[in-house]
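Okay, structure first, notes after.
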Amino acid sequence: MFHAAVLTPSKACSNGKPFVFSNTMDLPRHLEAHRALWLRATDTPFLKGQAGSSVFGRGQTYAQGGAVQALATSLENDDLRAQATISGTQDYAVQWRISREGAVTAGCDCPHAQDGYFCKHQGALGLTLHALLSGDAPATDGAAQKKIAAAAKRAQTQAANRQALRDFLSRQSAQTLAERLWQWAERDRALMADVKAWAAVDGAATAGGEPSALKPVINQLLAHGGFIDYHEASDYARRARSVVTLLQGAAQRDPVAVRALCEHALKRLWKAIEVADDSDGAIGDVTVQVFEVLKSAVAAEHPPGEWAKTWFTLLEADPFGLWPDDALVDVAGPAFQRAWGQRVTDEWLAYAARTEAGSAAKRRGASEWDYRRSQLRDRYIAHLKRQGDAQAVLEALQAHLREAHEYSELVAYLESLGKHREALQRARQGHQRFPDDGRMEADLLRCYERDGWDEEALAIRRRQLENSPSVEHYAAVLRAAQAAGRDVAAYRQELLDWAIQRELVERKQRQRWTPDSPLDVSTRLRWLLYEDRLDDAVALARPPHASTASLLHELALQLPEARRDDALALLRRVFDARMARANSPYAEELQVVREMLARQTPEQRRQWLAHLRVAYKAKRNFIKGLDAPEPNQT
């Protein structure tokens with residue numbers, strides 16, 4: 001959920017009118033250092049990389065043509081969020097979220113975005129955010145406005161043309177339409193299948209829609225002639241959805257009969273899925289819809305206990321074994337629930353008696369994952385939870401511990417009961433048995449930090465950092481050190497000393513292959529940037545030390561105007577590193593050039609551009625980029 005007014009430009013627009021730029025977006029002081037990251041997350045190279053040049057170009061047209069409307073921005077948990085309406089051929093709702101680290105999540109309800117692509121509407125909102133963050137007003141483009149207006153007019157014309165065709169058809173006689181439809185169907189197999197489905201549905205309606213008349217219709221609608229390829233699957237799913245419509249209508253009149261029809265339909269659909277390329281999940285979606293009808297029929301008239309046998313048979317017919325039965329059991333009534341509970345109890349206890357006393361390897365958790373065991377155990381635990389007997393659930397969880405996730409489940413259940421001491425004991429046992437399992441480590445860490453075992457929590461945090469020295473782990477270990485009463489400044493230095501030793505070891509390993517390999521200080525530099533220790537970061541980053549180009553770039557962009565020379569030196573290193581492996585169209589490299597030009601004196605700019613034209617004259621597209629007008633910074 002987006003909430004406006006926590007953070008807005010001085011004239012944020014939320015009234016449905018085109019967004020009017022006013023000035024630079026103000027940020028809280030603790031986030032001001034992240035403005036550079038957010039600018040990079042909304043700049044032209046990034047957006048082009050996400051959308052592609054063609055889609056980006058259309059998004060730029062939207063941004064410059066006044067299509068961004070009802071803009072609202074906010075800060076939530078230090079993430080920058082925005083939403084807007086983008087108006088073109090029709091209106092679409094667009095959302096953006098940028099984390100404090102610069103990670104982007106964007107969405108739109110247009111078809112292109114719904115298919116998983118970065119669309120022109122997301123690009124338009126990204127460009128507008130860049131304008132707010134940079135303070136550079138997006139240049140309005142009269143040609144872009146005309147394009148948008150023309151596109152909207154074309155959409156209106158197309159809608160009018162479609163309506164005219166509908167009016168034309170409505171004036172034709174039934175006989176004329178029937179003859180023309182039959183001619184088309186004889187030439188188009190998919191259309192013929194739709195006509196047959198239509199006839200079957202109509203036949204069921206003619207018979208009064210009685211459930212007894214639906215089974216042959218279902219058979220006809222769900223029939224297939226062997227393998228269903230990717231293109232045929234969507235046509236098959238469209239016909240199959242007619243089955244859902246029929247079942248929904250009949251369920252209101254005779255839920256018992258519809259229950260049996262749903263069972264029949266599911267079996268037919270599963271048979272089809274076994275021989276179909278259902279990559280898009282269209283047929284699978286129909287099975288979900290049929291299951292929902294079955295659930296509503298069961299809720300409308302509770303089945304007898306004997307139906308539990310039918311239900312388990314149906315589950316076994318599922319080729320993927322993915323159907324969760326809790327949803328149906330919850331609505332099936334007491335008789336079915338008792339029968340279901342008795343069966344899952346008997347099945348689990350019998351299975352456990354045969355297998356739980358298995359080999360020592362299994363007891364140590366060395367066996368492969370046993371799907372059948374997991375299925376039966378989960379059903380049994382669900383039955384006990386449904387009965388509301390917490391002690392019985394706890395005893396069952398404790399009696400059947402083999403996998404890491406089962407220890408984790410037990411720890412969570414003990415915590416839900418407020419048994420924190422027992423939860424810690426079980427977390428220790430689980431971690432001792434599965435020392436490399438991330439869930440068990442997370443459980444133990446959570447228990448330690450909750451219960452005040454600060455030194456033990458610090459040890460885990462330190463181990464996590466040494467395995468993966470990310471900024472997140474660095475911050476967490478410092479918080480743990482503070483909680484444990486350590487001198488944070490001294491502990492920070494201890495971490496930096498550890499990082500130095502790690503860097504030296506890594507350089508020694510690289511020097512086996514590259515004798516002159518420099519010391520890569522990326523780990524320490526990343527930590528210093530996180531803490532906004534820019535002076536220390538600049539000193540550390542100087543040659544002969546090496547670091548990733550992205551970190552050097554981030555450092556350069558965060559330096560204030562007073563450190564212009566340091567920023568230029570860093571950007572030059574970034575440019576050289578990227579240009580060494582760059583390919584056309586050189587978007588990132590040209591962006592770095594522009595960032596350098598913005599920090600140079602006129603004479604420096606002249607000399608720098610002259611040098612580039614000579615040094616890279618063979619890279620024609622790069623030189624063209626230098627000669628092109630500077631792109632709009634939105």
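Between the side chains of D443 and S408, a donor-acceptor pair is found at a separation under 3.5 Å. A donor-acceptor contact closer than 3.5 angstrom is absent between the side chains of Q482 and R479. Between the side chains of Q289 and Q248, not a single donor N or O lies within less than 3.5 Å of an accepting N or O.
For H420, there are no ring-ring contact (aromatic ring centres under 6.0 Å, His included) partners at least two apart in sequence or on another chain. Listed by chain and number, the residues in a salt bridge (charged side-chain N to carboxylate O under 4.0 Å, His left out) with R563 are D535, D566 (sequence neighbours excluded). Partners of D280 by side chain to side chain donor-acceptor pair (under 3.5 Å), not counting sequence neighbours, listed by chain and number: Y230. Legend: residues meeting ring-ring contact (aromatic ring centres under 6.0 Å, His included) with Y530, ordered by chain and number and at least two apart, are absent. Among residues two or more places apart in sequence or in another chain, the side chain to side chain donor-acceptor pair (under 3.5 Å) test is passed with S170 by none. Shown here are the ring-ring contact (aromatic ring centres under 6.0 Å, His included) partners of Y413, two or more places apart in sequence or in another chain: there are none. Residues forming a side-chain contact (heavy atoms from CB on, under 4.5 Å) with A569 (at least two apart in sequence, or on another chain): none. A search for ring-ring contact (aromatic ring centres under 6.0 Å, His included) contacts involving Y62 returns H121, not counting sequence neighbours. With sequence neighbours excluded, the residues forming a side-chain contact (heavy atoms from CB on, under 4.5 Å) with E449 are L445, A457, R461, listed by chain and number.
Not a single donor-acceptor pair under 3.5 Å links the side chain of H112 to the backbone N or O of C119. A donor-acceptor pair is defined here as one N or O able to donate and one able to accept, closer than 3.5 Å; no such pair exists between the side chain of S468 and the backbone of Q464. Between the side chain of R533 and the main chain of L528, no donor-acceptor pair closer than 3.5 Å is present.
Sorted by first then second residue, the side chain to side chain donor-acceptor pair (under 3.5 Å) pairs that include residues 575-588, not counting sequence neighbours, are H553-R578, R572-D576, S584-N621. Here salt bridge (charged side-chain N to carboxylate O under 4.0 Å, His left out) pairs that include residues 55-72, with residues two or more places apart or in two chains, number zero.
If you run side-chain contact (heavy atoms from CB on, under 4.5 Å) between F56 and each of K48, K120, Q50, only K48 comes through.
Closest approach of L525 to S547, counting heavy atoms only: CD2-OG, 3.4 Å. The two residues A499 and T523 make their nearest non-hydrogen contact at CB-CG2, 4.3 Å.
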Identify every side-chain donor-acceptor pair in residues 152-164 under 3.5 Å, counting partners at least two apart or on other chains, and give the distances.
unit_1 : atom_1 : unit_2 : atom_2 : d
T157   : OG1    : K153   : O      : 2.9
N161   : ND2    : T157   : O      : 3.4
Q163   : NE2    : D167   : OD1    : 3.0

